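Below: one structure, written as structure tokens.
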Amino acid sequence: CLDGDSIFVVGRLGYSALGLQQLEELNFEEPPANEEELLKIVHNGKNLNFITNHLLPKPRVSEGIWLRNQGLANSMIDISDGLVTDLQRIANSSFVDIVLHNQALEELKSEGGEKIDLQHILNGGEDYALAFSCPKKETYRLRTNYPDNFGRLLRLGEARRTKSPAIWLDKGIHQVILTPEGFDHFK
């Protein structure tokens, strides 16, 4: 990830965490074996969407290969341990701050409806979405050539060179540092 890169995400964030939460609230002895069994338990289609995202994740392999082949990503990571945790890994290895725009996060939140919250989006994990950095000069080419069948592409923010990498949330008037609270394989 380089200074000035735009940070993008492909896929949904927070859906798996909310799906897990909903499964835990159902409190059944064994999880359903297939979607048909799930339908018997869950009557709300939106809930089914979250639970399905948790139980049947769709890795973004084709999208990652396409981005690499097009030369549009300076760095890339799947969001399996939480957005902030995984972006912190990019920031640490690249010596950049990553500044997330509040408006982009609010857009992700509204997409999930009233049940999804910022904590699901920032620290939920298991989403198998792709976060990547794209050189600023390539963002137009990315947006105009991005295949429709890949799903949603959203610009989350940008990277800026630093000696002490962090993930920031830009709320317009002020910025706050976000603490990684996702899964850590080494703790």
Side-chain angles (χ1 to χ4, degrees), residues 1 5-26 31-32 35 38 42 44-68 72-93 98-134 142 146-159 167-169 178-187:
C1 184
D5 279 3
S6 291
I7 307 300
F8 285 91
V9 68
V10 176
R12 295 176 170 156
L13 295 175
Y15 279 50
S16 179
L18 183 54
L20 175 60
Q21 179 184 320
Q22 291 174 342
L23 283 171
E24 289 170 343
E25 289 168 2
L26 289 172
E35 196 169 328
L38 250 179
V42 183
N44 179 322
K46 193 72 162 179
N47 287 347
L48 180 62
N49 192 13
F50 297 126
I51 291 170
T52 302
N53 270 270
H54 179 71
L55 295 176
L56 305 169
K58 295 178 182 165
R60 303 287 181 164
V61 176
S62 297
E63 293 88 332
I65 291 170
W66 182 85
L67 287 163
R68 182 202 61 206
L72 291 169
N74 283 331
S75 63
M76 188 180 329
I77 193 165
D78 73 300
I79 307 301
S80 55
D81 296 331
L83 178 65
V84 176
T85 298
D86 288 326
L87 287 179
Q88 186 70 58
R89 291 180 176 124
I90 289 177
N92 289 345
S93 65
I98 294 178
V99 180
L100 302 176
H101 297 288
N102 192 55
Q103 181 180 351
L105 297 177
E106 288 299 324
E107 198 172 319
L108 287 169
K109 188 177 167 194
S110 69
E111 190 178 84
E114 61 189 43
K115 294 182 180 189
I116 205 160
D117 63 30
L118 209 50
Q119 186 66 15
H120 292 125
I121 292 166
L122 294 175
N123 296 302
E126 297 302 326
D127 287 307
Y128 290 86
L130 280 182
F132 66 96
S133 64
C134 178
L142 169 66
Y146 182 78
D148 293 335
N149 63 322
F150 280 176
R152 185 155 199 257
L153 173 71
L154 180 65
R155 184 177 182 276
L156 294 177
E158 64 274 336
I167 308 303
W168 294 82
L169 176 58
L178 297 173
T179 304
E181 296 175 15
F183 187 77
D184 185 343
H185 298 271
F186 303 105
K187 284 189 179 180

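Keep in mind that what you see is a predicted model, and the values were worked out from it rather than measured.
Between Cys1 and Ser75, the shortest heavy-atom contact is CB-OG, 3.4 Å. Between Arg12 and Arg60 the shortest heavy-atom distance is N-NH2, 4.4 Å. Nearest approach of Tyr15 to Glu111, heavy atoms of both residues: OH-O, 3.2 Å. Among all heavy-atom pairs drawn from His101 and Leu169, the shortest one is C-CD1, 4.3 Å. Residue Asp5 comes nearest to Asn74 through the heavy atom pair OD2-ND2, 2.8 Å, listed as atom of the first residue, atom of the second, then distance. Contact detail for Ala73 and Met76: the closest heavy-atom pair is CB-CE, 3.8 Å.
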Without placing hydrogens or testing angles, list every side-chain donor-acceptor pair under 3.5 Å for residues 102-110, not counting sequence neighbours.
{"unit_1": "Glu107", "atom_1": "OE2", "unit_2": "Arg152", "atom_2": "NH2", "d": "2.3"}
{"unit_1": "Ser110", "atom_1": "OG", "unit_2": "Glu106", "atom_2": "O", "d": "3.4"}
{"unit_1": "Ser110", "atom_1": "OG", "unit_2": "Glu107", "atom_2": "O", "d": "3.0"}

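Thr85 places no side-chain N or O within donor-acceptor distance of the main-chain N or O of Gly82, the cut-off being under 3.5 Å. The main-chain N or O of Ile51 is never found under 3.5 Å from a side-chain atom of His54 such that the two would form a donor-acceptor pair. In this structure, Asp127 contributes its side chain and Gly14 its backbone to a donor-acceptor pair below 3.5 Å. Distance alone, capped at 3.5 Å, places no donor-acceptor pair between the Asp78 side chain and the Tyr128 backbone.
Contact annotation: the side chain of Ile167 approaches that of Leu100 to within less than 4.5 Å [non-hydrogen atoms, C-beta and beyond]. Under the 4.5 Å side-chain criterion, counting only non-hydrogen atoms from C-beta, Leu130 is not in contact with Ile79. By the 4.5 Å heavy-atom criterion applied to side chains, Val10 and Tyr146 are counted as neighbours.
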### Task
Start with the C-alpha distance between Leu153 and Leu142, add both sets of side-chain angles, then the distance that settles side chain to side chain contact (heavy atoms under 4.5 Å, CB included), and finish with yes or no.
CA-CA 10 Å; Leu153 173 71; Leu142 169 66; 3.9 Å; yes
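Under the side chain to side chain contact (heavy atoms under 4.5 Å, CB included) rule, Leu13 has a single partner from Leu154, Ile121, Ile116, which is Ile121.
The aromatic rings of Phe8 and Phe132 lie parallel to each other, their planes meeting at an angle below 30°, with 60° marking the opposite boundary.
Evaluation of the side-chain hydrogen bond (donor to acceptor under 3.5 Å, both in side chains) rule for Glu25 yields Gln21 as partners, not counting sequence neighbours. Asp86 pairs by the side-chain hydrogen bond (donor to acceptor under 3.5 Å, both in side chains) definition with Arg89, not counting sequence neighbours.
For the atom pair CD (Glu126) and OG (Ser16), the distance works out to 5.5 Å, reported to the nearest 0.5 Å.
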